[in-house]
Amino acid sequence: MMWTKGKRINRHDYNVFHVVTTEFQYHDNRAAFYQIEAPNWVNVIAIYNQHVIMIKQYRIGSEAYSLELPGGIIETQHIDVAGVKELEEETGYTGEATLIGDMNPNPALFTNQLYTLFVAHAVQANKMATELFEDIEVIHVPIEEIHKKIAHGEITNALTIASFMQLNTRYPHFFNRCKHK
């Protein structure tokens, strides 16, 4: 099974992403395919007093509020710098971040990566510094309630759930350990 990338046919700019039409060849067959070039993204799992610092934010796509991890677009800075910046802006917390994983959010169409950072000991640093259209409420969720909130549909953001899965894979006893404290 051999895929070969051919020429780029066109590219349309939609501010937050680009839609690219590219020719690909599979065996002797050629066709045009669409790719969405979106910026790389970072999610931050930050812990403060046995609670995960989460945000409740209005999302235009779902036209509803979403309980999710703080995070955002990685502009030009390093992954950990971008993540800590987003954590501080969206929650007022900061801390030393460790990269625990990366993933392809939707490899069928998107070319970007999502990185997950873990801040084991977050500290309150500043007031939130949200952007104009960021409607955010900081929510402290007890660690032992994360699985229940996912199971009951209170946490539905797929990238947030995937980041929690990376945490669980990297530190298999993390959620169990917290139940006994």
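Heads up: numbering here begins at 1 and tracks the sequence.
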Do Ile150 and Phe164 come close enough that some side-chain heavy atom pair is under 4.5 Å? yes
Are Tyr26 and Phe24 in one and the same hydrophobic cluster, where Ile, Leu, Val, Met, Phe, Trp and Tyr link if side-chain heavy atoms are under 4.5 Å apart? yes
Working for side chain to side chain contact (heavy atoms under 4.5 Å, CB included), residues Tyr93 and Val123: CA-CA 5 Å; Tyr93 287 83; Val123 294; 5.8 Å; no
Atom pair NE2/OG1 of His121 and Thr94 - distance to nearest 0.5 Å: 14.0 Å
Would you please say whether a donor-acceptor pair under 3.5 Å links the side chains of His78 and Asp80? yes
Less than 4.5 Å apart, side chain to side chain, heavy atoms only: is that true for Leu87 and Val119? yes
Flag side-chain contact, heavy atom, 4.5 Å: Met54 against Ile146: yes
Taking the side chain as every heavy atom from C-beta outward, state whether Ile74 and Pro39 have any atom pair closer than 4.5 Å. no
Is the shortest heavy-atom distance from the side chain of Val42 to the side chain of Leu117 under 4.5 Å? yes
Interatomic distance, Glu37 atom CD to Thr111 atom OG1 [nearest 0.5 angstrom]: 5.0 Å
Would Asn10 and Thr21 count as having a side-chain donor-acceptor pair, cut-off 3.5 Å? yes
Arg170: what forms a salt bridge (charged side-chain N to carboxylate O under 4.0 Å, His left out) with it, not counting sequence neighbours? none
Residues Asn112, Phe17; criterion side chain to side chain contact (heavy atoms under 4.5 Å, CB included); working and verdict: CA-CA 10 Å; Asn112 65 332; Phe17 61 86; over 6 Å; no
ILVMFWY cluster, Ile45 and Ile139 together (side-chain gap under 4.5 Å): yes
I would like to know whether Met103 and Gln166 meet side chain to side chain contact (heavy atoms under 4.5 Å, CB included); could you show each step before the answer? CA-CA 9 Å; Met103 65 186 94; Gln166 285 184 320; 3.1 Å; yes
Determine which pairs satisfy salt bridge (charged side-chain N to carboxylate O under 4.0 Å, His left out) with at least one residue from residues 46-64, sequence neighbours left out, and list them in order. Arg59-Glu68
Check: Arg11 and Asp13 side chains under 4.5 Å, non-hydrogen atoms: no
Separation between CD1 of Ile73 and CH2 of Trp41, rounded to the nearest 0.5 Å: 5.5 Å
For Glu75, is there any backbone N or O sitting under 3.5 Å from a side-chain donor or acceptor partner on Gln77? yes
Minimum-distance pair of heavy atoms, taken over all atoms of Ala120 and Ile47: O-CB, 3.4 Å
In terms of hydrophobic clusters joined by side-chain contacts under 4.5 Å, are Ile100 and Ile155 together? yes
Do Val16 and Ile60 sit in one hydrophobic cluster, given that two such residues count as connected whenever their side-chain heavy atoms are within less than 4.5 Å of each other, even indirectly? no
First locate atom CD1 of Ile36, then atom OH of Tyr14, and finally report the distance between them rounded to the nearest 0.5 Å. 10.0 Å
Val44 and Gly83 have their tightest heavy-atom pair at CG2-O, 3.4 Å
Criterion side chain to side chain contact (heavy atoms under 4.5 Å, CB included) on Arg8 and Val20, from CA distance to verdict: CA-CA 7 Å; Arg8 178 180 278 191; Val20 178; 3.5 Å; yes
Note, Val52 side chain near Leu69 side chain (heavy atom, < 4.5 Å): yes
Quickly, which of Ser66, Ser62, Ser163 forms a side chain to side chain contact (heavy atoms under 4.5 Å, CB included) with Asn157? Name it, please. Ser66
Measuring centre to centre across the rings, with the benzene-like ring taken for any Trp, is Phe118 within less than 6.0 Å of Tyr171? yes
Between Glu90 and Lys127, does at least one N-O distance fall below 4.0 Å, as a salt bridge requires? no
Using 0.5 Å steps for rounding, measure from the CD1 atom of Ile9 to the CZ atom of Phe33. 10.5 Å
Common cluster, Tyr48/Ile55, ILVMFWY with side-chain heavy-atom separation under 4.5 Å: yes
Do Leu167 and Phe175 have side chains that get closer than 4.5 Å, going by heavy atoms? yes
Is it true that the side chains of Asp102 and Gln113 contain a donor and an acceptor less than 3.5 Å apart? yes
Give me the ring orientation class for His140 and His51: parallel if the planes are under 30° apart, tilted from 30 to 60°, perpendicular past 60°. perpendicular
What's the separation between atom CE in Met165 and atom OG1 in Thr116, rounded to the nearest 0.5 Å? 12.0 Å
Would Glu23 and Arg30 pass as an ion pair if we require N to O under 4.0 Å? yes
Pairs where residues 148-167 contributes a residue and the test salt bridge (charged side-chain N to carboxylate O under 4.0 Å, His left out) is met, not counting sequence neighbours: Lys149-Glu154
